[in-house]
There are 2 protein chains.
Amino acid sequence: MNNVNPQIDVRLVEYQANKLQELINEMNNCCQERIYLEAKMFGLPPSELKCLALFDGHRYLTAMTVAGKLEVAKSRATVIIDNLVRKGLLQRAPDPNDARVKLVSLTPKGQRKVREIEEFVFHLHSQLLGQIEASQRPNIISALEVLRSAMESIKAQLQV
Amino acid sequence: MNNVNPQIDVRLVEYQANKLQELINEMNNCCQERIYLEAKMFGLPPSELKCLALFDGHRYLTAMTVAGKLEVAKSRATVIIDNLVRKGLLQRAPDPNDARVKLVSLTPKGQRKVREIEEFVFHLHSQLLGQIEASQRPNIISALEVLRSAMESIKAQLQV
DNA sequence: ACAATATAGTTCACCGCATGAACAATGTCA
DNA sequence: TGACATTGTTCATGCGGTGAACTATATTGT
């Protein structure tokens, strides 16, 4: 009669699973909203913003690399790059080592834009931190790290 | 000379903001992947899955309500409902109180599908919890709650 | 009571995002 | 050297989504 009541355990896990789902969904919704806010602020659709961000730390990228990192078809990468070239943010140059390849890079205007976007995003996350007690921040971050790891584990299992 | 070094503070916030951004992005990516996995598993696009979920706890919904909750145009709601009606998961009936209105509800097949989807999602989140030490779970959940609240605050400020 | 206005749902034309196939130019391999 | 692979582009197509126009119906104001 000294057994811990397993019914309470099941109920607790049930509550926690539902709570977790709710919280993850809500945070995901916030992220989606942020993405659209950025698109509006910078006058660029999400795909183009995402593309620009790829050049951070890279002098050149190829269309193939862009397609791979954005997880889109080659032809889609062409369209996105075309649009950004038209807007003066990216430029194309031939690759001296392989005549099939085009090297894509940020224009000076594109570099300024990327910096602007990064500063906005950084500022946003700083503000987010500002809403949290300084003493709590390490805990929040490590909690997210645990959750991120847990997600990666489940993801790996689901792909068997 | 006993001042706390403010440079360390700035560096810390910078590190934490960047870390936070990275973690949130990664979790968001995981969520997007989960959405596509579900679409594949249940053979329904995300919009239709999301529409089905709206009926949880509701005997009827109108197309207007569906459009509002999904945050899409009326015409888009019509298309989504049409597709689900065609698949035998939703049905339409006239509203006895207002001849303009169609009452949309789950078919028995739709109910089973919704239950199936909910069970899968619940199972997924339970597994996620299973990757976390039981003693840590309340902490993870409250950390997410703090973060969720912080996000809502920033969101409210950005909409002024 | 009736005309003006609002509402619900549908239809339709259109746009943006994304795919895959086909292609030409170029590179690699047998 | 020919067969095969790769890169980037073009093009046709499909899906998700919008807004306008429309019909039927409800509501409001005179």
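Nothing here was measured: the structure is a model prediction, and the numbers come from that model.
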- Over 12 foreign heavy atoms within 6.0 Å of CZ, A/F120: yes

- Query: How many Å lie between NZ on B/K50 and P on D/dG16, as a whole number?
  - Reply: 13 Å

- Message: Counting only heavy atoms and a strict 4.0 angstrom limit, can you tell me which residues of residues 93-107 of chain B come near DNA chain D?
- Response: B/D98, B/A99, B/R100

- Between the main-chain N or O of A/K87 and the side-chain N or O of A/K109, is there a donor-acceptor pair closer than 3.5 Å? yes

- Task: Quickly work out the B/M64 CE to D/dA26 P distance and round it to whole Å.
- Result: 16 Å

- Message: Can you measure A/Y36 atom OH to D/dG16 atom C1' for me and round it to whole angstrom units?
- Response: 10 Å

- Task: Quick one, give me the B/S/- string for nucleotides 11-17 of chain C, reading 5' to 3', where B means a protein heavy atom under 4.0 Å from the base and S means that only happens at the primed atoms, P, OP1 or OP2.
- Result: BB----S

- Message: How long is the straight-line distance from CD of A/E48 back to SG of A/C51, given to the nearest 0.5 Å?
- Response: 8.0 Å

- Run through A/Q91, A/Q111, A/R92 and flag the one making a side chain to side chain donor-acceptor pair (under 3.5 Å) with A/S105. A/Q91

- Would you name the heavy atoms of A/C31 and B/I24 that are closest together and state the gap between them? SG-CG2, 3.4 Å

- Which salt bridge (Lys or Arg N to Asp or Glu O under 4.0 Å) pairs, counting each pair once, include a residue from residues 26-35 of chain A, with sequence neighbours left out? A/E26-B/R148, A/E33-B/K155, A/R34-A/E38

- Round to a whole Å and report the spacing from CD1 of B/I35 to P of D/dG16. 14 Å

- Query: Is atom CZ of B/F122 surrounded by more than 12 heavy atoms (other residues, nucleotides or ligands) closer than 6.0 Å?
  - Reply: yes

- Message: Donor-acceptor check, side chain of A/R137 to backbone of A/I132, threshold 3.5 angstrom: yes or no?
- Response: yes

- Query: In whole angstrom, what separates A/Q32's CD from D/dG17's P?
  - Reply: 12 Å

- Message: Assuming nearest nucleotide by heavy-atom distance, tell me which of B/I81 and A/A73 is located more 5' along DNA chain C.
- Response: B/I81

